[in-house]
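Structure first, commentary second.
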2 protein chains.
Amino acid sequence: MIPKHDSAIPMSTRERIIEAADQLFYEQGFEHTSFAQIAQAVGISRGNFYYHFRTKDDILDTVINHRLQRTNVMLEHWEVEGETPSDRIRSFINILIMNRAKIKRFGCPVGTLCSELIKLDHPAQGDAKELFILFRTWLSRQFVQLGHAEKADELAMHLLAQSQGIATLASAFQDEAFINREVDRLHDWLTSCTATP
Amino acid sequence: MIPKHDSAIPMSTRERIIEAADQLFYEQGFEHTSFAQIAQAVGISRGNFYYHFRTKDDILDTVINHRLQRTNVMLEHWEVEGETPSDRIRSFINILIMNRAKIKRFGCPVGTLCSELIKLDHPAQGDAKELFILFRTWLSRQFVQLGHAEKADELAMHLLAQSQGIATLASAFQDEAFINREVDRLHDWLTSCTATP
DNA sequence: ATCATTTTAGGACGTTTGTCCTAAAATGTA
DNA sequence: TACATTTTAGGACAAACGTCCTAAAATGAT
């Protein structure tokens, strides 16, 4: 399962750096987060930081791969846990509810990272996009199982876009109630997808 | 109409700075754009730049107000041009088509700016949010005229969220065809709104 | 206990940043 | 023409950044 810090096994310095960077990149953005901030958050010196990650792109790549692994584990878990494909899709929709407090403050971790890297014209754009691709192919697979074989990818992209828009506006307007409203709407939409085969 | 540079009346240095900054903030982000870059784009010295704008927050505020004015003019124009409220809403939806080339490359100017300022915890967050509010109240007014008085604001926010999501994914996946597909979907949705009073 | 390796701390370096100053050039006015 | 004001250029400045180096401390193996 998820290799969380068991509190029995203490995290290595490297792991602690990755987690701190992950969080700071989400909350403050990649460019606006400095080596010094990450080092301070972990409680180590900048020199020690440099021992583990030589460049800023290094730590970014590692954070993205870390997110990819975590996301993959989550999706696989949903696939064995959810009984029907629509159950699994609803698990995806409910991320918005589960993480609404953070989404309200910082938006979607995937969408905001991709947007930032695009503006920076950063080489890691493609890696960040893989996060979206992960959700896209997973959702697409669920829609195929739901009986929408030829429209599966279109539906997956539509649902992805919806959640992106919800996250963007929720953070711009600092509005959690809006998230709830739109999630209800998404569930209704999925129901109508299930009803009409 | 839009006060474009008539090429008869040459733009003042100040105006040229604002337009250059506006474009660069959109394409590269606010923080990633430096005084030097804007000055170079305009073709003036950094010292001259400082004569017109003393701080970076100064130029940001001015750019946001510039966008607010341009947007206001555009919306008022649509209001006298579009015959029915649904015509006017369709004008909004079609921004995605008109600007698809830029949206594909840089996302939505409003959404990406708001997201960035949130991460920077920048004082101008509220001003940037006004851009969204402009569209929100305008769309809400159209939905009222369409006969959805009590659900007008909800519909406005829903449409705003949709376009945000479309812009985010279109830029992440560099996919213009996706924009076309989702815009068609939005037009269908609006038709169903009009049919069901 | 000794030694080799890994890990850490702290500072140095060159660059870029936003900001500010001063003097020259351009412009308008009498 | 002579003068006052606006506009421009170019450099100075401290601070922050990513990067890199060196030496001490911690750790593990023999």
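Residue numbers begin at 1 in each chain, while the letters A, B, ... track the order of the sequences.
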Legend entry - Closest nucleotide among C:dT17, C:dG11, C:dT19 to the B:Ser34 side chain: C:dT17
Legend entry - A:Asn94 (side chain) donor-acceptor with A:Arg90 (main chain) under 3.5 angstrom: yes
Inset, instruction - Please check the phosphate of C:dT6 (OP1 and OP2 only) for any side-chain N or O of A:His52 closer than 4.0 Å. - result: no
Legend entry - Side-chain donor or acceptor of B:Lys104 paired with backbone N/O of B:Ala172 under 3.5 Å: no
Inset, instruction - Classify the side-chain pair B:Gln40/B:Arg46 by whether it contains a donor and acceptor separated by less than 3.5 Å. - result: no
Inset, instruction - For A:Trp189 and A:Gln162, test the side chains for any donor-to-acceptor distance below 3.5 angstrom and give the result as yes or no. - result: no
Inset, instruction - Take the protein atom CD1 of A:Ile59 and the nucleotide atom P of D:dC17, then report the distance between them rounded to whole Å. - result: 16 Å
Inset, instruction - Quantify the bending of the helix from C:dA1-D:dT30 to C:dA30-D:dT1 as the angle between its end axes, each fitted on five pairs, to 10°. - result: 10°
Inset, instruction - Would you mind telling me which of C:dT19, C:dA9, D:dT6 lies closest to the side-chain atoms of A:Ser45? - result: C:dA9
Inset, instruction - Report, as a single string ordered 5' to 3', how protein heavy atoms within less than 4.0 Å touch nucleotides 21-27 of chain D: B base, S sugar-phosphate only, - not at all. - result: -------
Inset, instruction - Give a yes or no on whether a salt bridge exists between B:Asp22 and B:Arg70, defined as a side-chain N under 4.0 angstrom from a carboxylate O. - result: yes
Inset, instruction - Take A:Phe135 and A:Phe92 through the test ring pair (Phe, Tyr, Trp, His ring centres under 6.0 Å) and record every step on the way to the result. - result: CA-CA 9 Å; A:Phe135 284 107; A:Phe92 170 81; 5.6 Å; yes
Inset, instruction - Output yes when a side-chain donor or acceptor of A:Gln125 lies under 3.5 Å from a complementary backbone atom of A:His122, and no otherwise. - result: yes
Inset, instruction - Taking only Lys NZ, Arg NE, NH1 and NH2, and the carboxylate oxygens of Asp or Glu, determine whether A:Arg105 and A:Glu176 approach each other closer than 4.0 Å. - result: no
Inset, instruction - Keeping the roles fixed (side chain from B:Lys119, backbone from A:Tyr26), state whether a donor-acceptor pair exists under 3.5 Å. - result: yes
Inset, instruction - Find the distance A:Phe35:CZ to C:dG10:P and express it as a whole number of Å. - result: 18 Å
Inset, instruction - Can you tell me the distance, in whole Å, between the CG atom of B:Asp57 and the C1' atom of C:dT17? - result: 14 Å
Legend entry - Integer-rounded Å distance: C:dG11 P and A:Phe49 CZ: 19 Å
Legend entry - B:Ile17 CD1 - D:dA9 C1' separation (whole Å): 13 Å
Inset, instruction - Answer yes or no: does a side-chain N or O of A:Thr13 lie under 4.0 Å from OP1 or OP2 of C:dT8? - result: yes
Inset, instruction - Using whole Å, report how far NZ of A:Lys56 lies from P of C:dT16. - result: 16 Å
Inset, instruction - Please state whether the phosphate of C:dT7, meaning OP1 or OP2, lies under 4.0 angstrom from any side-chain nitrogen or oxygen of A:Tyr51. - result: yes
Inset, instruction - For B:Arg46 and C:dG18, give me the distance from atom CZ to atom C1', rounded to whole Å. - result: 10 Å
Legend entry - Gap between atoms CG and C1', on A:Asn48 and D:dT19 respectively (whole Å): 15 Å
